[in-house]
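What follows is a single structure, written as structure tokens, with notes after it.
The sequence lines fix the lettering, A, B, ..., with proteins before strands; numbering per chain opens at 1.
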4 protein chains.
Amino acid sequence: MIFASDNWAGASEAVMAALVAANEGPAPAYGNDEITRRLEARMSDLFERDVAVFLVATGTAANALATAAFAPPWGAILAHRDAHLNVDECGAPEFFAGTKVVGLAGARGKIDPRGLIEALDAMPAGVVHHVQPAVLSLTQSTELGTVYTADEVAELAGIVKNRNIAVHMDGARFANAISSLQVAPSTLTWRAGVDVLSFGATKGGALMAEAIVLFDRSRQEALGYLRKRAAQLVSKHRFVAAQFDAWLDGEHWLDLADHANAMAARLAAGLDGTAAARLAWAPQANEVFAFMAPATAAALRTEGATFYEWPAGGLAAEDRPRPGEVLYRLVTSFRTEPAEVDRFVALVDAV
Amino acid sequence: MIFASDNWAGASEAVMAALVAANEGPAPAYGNDEITRRLEARMSDLFERDVAVFLVATGTAANALATAAFAPPWGAILAHRDAHLNVDECGAPEFFAGTKVVGLAGARGKIDPRGLIEALDAMPAGVVHHVQPAVLSLTQSTELGTVYTADEVAELAGIVKNRNIAVHMDGARFANAISSLQVAPSTLTWRAGVDVLSFGATKGGALMAEAIVLFDRSRQEALGYLRKRAAQLVSKHRFVAAQFDAWLDGEHWLDLADHANAMAARLAAGLDGTAAARLAWAPQANEVFAFMAPATAAALRTEGATFYEWPAGGLAAEDRPRPGEVLYRLVTSFRTEPAEVDRFVALVDAV
Amino acid sequence: MIFASDNWAGASEAVMAALVAANEGPAPAYGNDEITRRLEARMSDLFERDVAVFLVATGTAANALATAAFAPPWGAILAHRDAHLNVDECGAPEFFAGTKVVGLAGARGKIDPRGLIEALDAMPAGVVHHVQPAVLSLTQSTELGTVYTADEVAELAGIVKNRNIAVHMDGARFANAISSLQVAPSTLTWRAGVDVLSFGATKGGALMAEAIVLFDRSRQEALGYLRKRAAQLVSKHRFVAAQFDAWLDGEHWLDLADHANAMAARLAAGLDGTAAARLAWAPQANEVFAFMAPATAAALRTEGATFYEWPAGGLAAEDRPRPGEVLYRLVTSFRTEPAEVDRFVALVDAV
Amino acid sequence: MIFASDNWAGASEAVMAALVAANEGPAPAYGNDEITRRLEARMSDLFERDVAVFLVATGTAANALATAAFAPPWGAILAHRDAHLNVDECGAPEFFAGTKVVGLAGARGKIDPRGLIEALDAMPAGVVHHVQPAVLSLTQSTELGTVYTADEVAELAGIVKNRNIAVHMDGARFANAISSLQVAPSTLTWRAGVDVLSFGATKGGALMAEAIVLFDRSRQEALGYLRKRAAQLVSKHRFVAAQFDAWLDGEHWLDLADHANAMAARLAAGLDGTAAARLAWAPQANEVFAFMAPATAAALRTEGATFYEWPAGGLAAEDRPRPGEVLYRLVTSFRTEPAEVDRFVALVDAV
């Protein structure tokens, strides 16, 4: 009953097999190998557009580099207050860009268009006293298990486009969002106004493989240097490329995401029928948020379940725990078993 | 005939098998797993001392973080002029520490004690106009295929110790140095005055696994945050730990290094008997430096050999190419075959 | 009718005279002169404690250096959302410390103790994913013309002290706060738990003279280097010291602040009796905030009055403008004339 | 007998008078005042070209900001090994640009064209492992009291121009160079290929007034933000502008420089005739370098002379002290009296 995080899961069989296969013979270092070339072509196919791809070792690196590539030293990176980039990366984005991250409000992890406009108005163009908005970062799926529709992405992107602000998507769980929304990757990204995507494979079934997918080629040269300077250019690069390549092959990535999302839906449906748990909101990807009494959580943990308490301070009034309740996050993965889910629900029921 | 770099080789069988094995079942993320615990214990055994270990994805990250942990923003990092840290990391050390790298002279990649003393004297303590020497970084084995003996390390460390300067060792090829010198890892590191080691497994047989080994625990807390802020905390951490663990198991790492070094010796001996190549100096690890005519190099490349020209501008007069010659670097690895070496030598002979 | 900012005023006669006098003969550079020594002694007298003093050219430099001296690269600087440090310094604090500024809520520019506790709880100690709270910065007087009492400072400082967080006070208008509260400088600073003060003389009557006053000597050595590295060590240092010295001499600084505050009180009292303006809240220092119709503001500007509109988005509901109103800031200075104030009030009355 | 530094001198009478005059009435802050406007026009006249001017408080700030404006985070700033920017600014240039400073060799403080070409060749374009040369910084007059002729500037600028590298001139003593070379400011700067100039008035007669003069307007917007973020935008800006304006008025700056240079020539001529001192090389601006026995120096100091020992380690063989000698630097200023010079020479003669 592992619901602590999708990064507790290992790698899929197919990804691991590809890694072993990639070990055949020598290969040029630093991305000048055949597997990397193949992956780049596959990415362009997938996104229906010629893209530049920069592989890195962690999701934090992907976010920090992707945003730094578009933010001058006086540029602000705008992200949801609860975004990973704002609260879970120990200041990496500020460090990489040498600049400021500005947190925006919005219900259930999604940036509110009105709040975005207000924030932009507080940083008037040309006034040197204020950092200048340079990047808008959207998390897809969000930290709270919700998703932006393509229209919602386009609306937010539309607000910033005439202000010369780039749009970044933190897609550590992009696969789960695509699986949830059943749209093409291009629809959710560049066609909706996204300039650069952090495309994560790690949580979805790789060992460690994160890609920066650049739809706007103007920052390609800069990213090459920024990645090296940030110590993220992997020498035996084929081993990162091979993971991503196998993960994308034959819709494997979507099969894995479908499973994770289905497990979340099964978990939500199960909990919804119990007395001891209350769904915070309907999950739209692979994260379930539920309220329980701390004693219930403790009992579940005693039985071997792993999951984390989640801060509720920034939530809208109607999304906060009632007296006696605490908010918990339950994450499913490609490796979650239906039986795990059912046992967890049964335990909640039995409390 | 791959002599371009030891990072063109893949991973050893044992390392790859350990990676596959590590994929069994779920495991806590971010280093809270069993394999990481085991590796930490193994490292302390290996170094005969309680050490703190921080795994990262690249050698540049290991160097930049290890030095940044000891350098305040006004601190200078002193390294050989030809050190990887000074010329091959696109400014990563300056970026991570927010400070200055000062290049030191010395023959064949090794810092000269007199030059070190002069450099220190040029940065008098307490004068705010000058950066203050904070870290001395030694590369072991060096960029020029030479090694520092334990006494040489101790001499350099002794010069800086009374000035409150930390000693870092860039051990991207530490295994090759140990294999060459036939001393215990402790003898070459903390017993000789080293405070922190970049211990590289990637070039020696892993896919991507680099460790910062901290002999001075005072910087342990700082390094934990610095690593995360630098986007180098790998989420599925067990997969990095498993590589390193298998690589160290049963002296596997030394077997691999012995082989690489032996191949370099074989190559050097072979070239020494040819008319078309001239050894620049005797190799002490897994890198051979030789002078050849560009036409010779071109002919070898036509036959499929890969290797790089090497800048000779900073070398001592007696180590520079003669008219008509160019300096080339030939790197061997754990995967280099004797037949490859012999074929290369035969081709040189035949030119 | 200059109410745009107190930095539109020039320097007091006494300060200017001291500057001229300081030009007599040669003097050692970089702070090794007699006037600097004298100022340091005067500061220690004023604060009833041995303090270290670092003079810089701008208030932004004082804030960014004072906080950077206490914040490691992974440390968060906590400040009110509306603090100068958070919104008016173009990212200087993030740049100088290489870290993150976290904005806190609170009515009328003052940090709310409960909000502070919640913010701290969201950054649990020892968790490397989150920046660690390192500095709490209080603005005194605040951006909204209010002041913290010594007890309020002590309460906030008390919350953070057991968490190893330093307390910084942004005293760009410290003189106005002292004048308002009628307490000793020591009472409002180190006796209440403040570790470092940005003590500004520029707004209060100097040309350009800002001091970092360090009550905690442990950061003295670091600040010396940080100031030079930040290009804030003025070479002809006596000319900054002379301004500050004359400003502090014989309570001149308090006389100037008393006047500025009195002009604000006069302005507030005057506006309170008009129909066309409504006081937002009672001024406690030298800044008056009032609601007016834009047309009223326009008419006043036509008559030569200067003042700025002020963002009201972050204010508590009861402090926001009503329909048809806009919030304006009116700043008085040591040079504001009673006649200016009266003419302004009369013009408002006449609208 | 003050020969320690030209920043031991105070301000000229005319500059001080202008400062007092500038205190009349209120003025908009942050450079939106009349005096700043007037100075900008005067600068454009002086340089015979429309220039952008950014005033800052220190020479280090001018250098660090001017170079940062042209250097991306992966860009190298190339400067003479002995340049102020490389050795006397505590890492400010690395900090401001987030990048690396590369020291170049060359006799008597002047960069050697061949050495420049070699350094450039070591950083091949497009190779992400190496920082990319972005700015060439020339010091005029140099740290060793020599000057580059306009042709020499043009030669060095010509080498880098086809590589997309900007040319910066550190003109902390630009006035002394102009006075020495008797050429127009435009001849020595943009007409010779200089893109940006650190134009210092402080050493030459102001209290604290340094200008970044931008010949390449493409970086103007960036510099506005960079200056504020670096805490160098002075609020009561008129007081910096007034100093510079008066200094430039009516060739006052050149009169002051002529005097300083003449005093250096007088000092050199005098020392040349003594037995106890030996000129290191002929001064070309306001700095004299001479060899003396330490006992001689000690005797002079006992008589009240101030001057500094100067490191000779990096000098060419023929410029180094002979056994028993030490190298000393003697700086003259606009305030140096002929009698001071003569007394010093007499004392040397008497030793």
Side-chain angles (χ1 to χ4, degrees), chain C residues 2 4-13 15-17 19-20 22-30 33 56-65 88-96 202-203 206-208 224-240 306 333 335, chain D residues 2 4-13 15-17 19-20 22-30 33 56-65 88-96 202-203 206-208 224-240 306 333 335:
Chain C
I2 304 295
S5 176
D6 29 10
N7 56 34
W8 284 43
S12 83
E13 305 274 305
V15 166
M16 189 56 89
L19 199 64
V20 173
N23 197 27
E24 196 61 37
Y30 300 119
D33 61 279
V56 294
T58 69
T60 295
N63 285 343
L65 281 170
D88 294 305
E89 300 186 349
C90 199
E94 288 88 348
F95 170 44
F96 279 49
T202 308
K203 284 185 164 76
L207 298 85
M208 50 177 145
Y225 292 109
L226 288 174
R227 177 176 58 167
K228 175 63 196 178
R229 173 182 177 254
Q232 287 286 343
L233 177 56
V234 171
S235 58
K236 295 185 176 175
H237 194 270
R238 56 172 146 165
F239 291 122
V240 190
T306 66
S333 80
R335 271 201 176 167
Chain D
I2 303 296
S5 175
D6 29 9
N7 57 33
W8 286 41
S12 83
E13 307 274 304
V15 166
M16 189 58 88
L19 199 64
V20 173
N23 196 27
E24 196 61 38
Y30 301 119
D33 63 279
V56 294
T58 69
T60 295
N63 285 342
L65 281 170
D88 294 305
E89 301 186 348
C90 200
E94 288 88 348
F95 169 44
F96 278 49
T202 309
K203 284 185 164 76
L207 297 86
M208 50 177 144
Y225 292 109
L226 288 174
R227 177 175 58 167
K228 175 62 195 178
R229 172 182 177 254
Q232 288 285 343
L233 176 57
V234 171
S235 58
K236 296 184 176 176
H237 194 270
R238 56 171 146 166
F239 290 121
V240 190
T306 66
S333 80
R335 271 201 176 167

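- In this structure, the side chain to side chain contact (heavy atoms under 4.5 Å, CB included) partners of C:Glu94, at least two apart in sequence or on a different chain, are A:Lys100, C:Val101.
- Contact detail for C:Leu233 and D:Thr58: the closest heavy-atom pair is O-CG2, 3.7 Å.
- Interface check for chain D: of the options C:Ala22, C:Ser5, C:Pro28, C:Cys90, the most heavy-atom pairs under 4.5 Å are formed by C:Pro28.
- Taking NZ of D:Lys228 as the reference point, atom CZ of C:Phe95 lies at 13.5 Å (rounded to 0.5 Å).
- The greatest number of non-hydrogen atom pairs below 4.5 Å with chain C, out of D:Ala9, D:Ser235, D:Gly91, D:Pro93, is found for D:Ala9.
- Of the listed residues (D:Ala4, D:Ser333, D:Ala230), the one with the most heavy-atom contacts under 4.5 Å to chain C is D:Ala230.
- Between chain C and the residues D:Thr60, D:Ile2, D:Asn23, the largest count of heavy-atom pairs under 4.5 Å involves D:Asn23.
- Minimum heavy-atom separation, C:Lys236 to D:Asp6: CE-O, 4.0 Å.
- D:Ala57 and C:Ala57 get closest at one heavy-atom pair: CB-CB, 3.5 Å.
- With respect to chain D, the highest number of heavy-atom pairs below 4.5 Å among C:Ala17, C:Pro26, C:Ala61 belongs to C:Pro26.
- For D:Ala64, the side chain to side chain contact (heavy atoms under 4.5 Å, CB included) partners are D:Ala92, D:Phe96, not counting sequence neighbours.
- Two residues are said to be in side-chain contact when any heavy atoms from C-beta on lie closer than 4.5 Å; C:His237 and D:Met208 fail this criterion.
- Looking at C:Ala206, the atoms closer than 4.5 Å to chain D (heavy atoms on both sides) all sit in the backbone: N, CA, C or O.
- For D:Thr202, the parts lying near chain C are the backbone and the side chain together; criterion is any non-hydrogen pair under 4.5 Å.
- With a 4.5 Å cut-off on non-hydrogen atoms, C:Ala29 touches chain D through its backbone and its side chain both.
- When all heavy atoms of D:Gln232 and C:Gln232 are compared, the pair lying nearest together is NE2-NE2, 3.2 Å.
- Proximity to chain D (any heavy atom under 4.5 Å) is shown, for C:Leu19, by both the backbone and the side chain.
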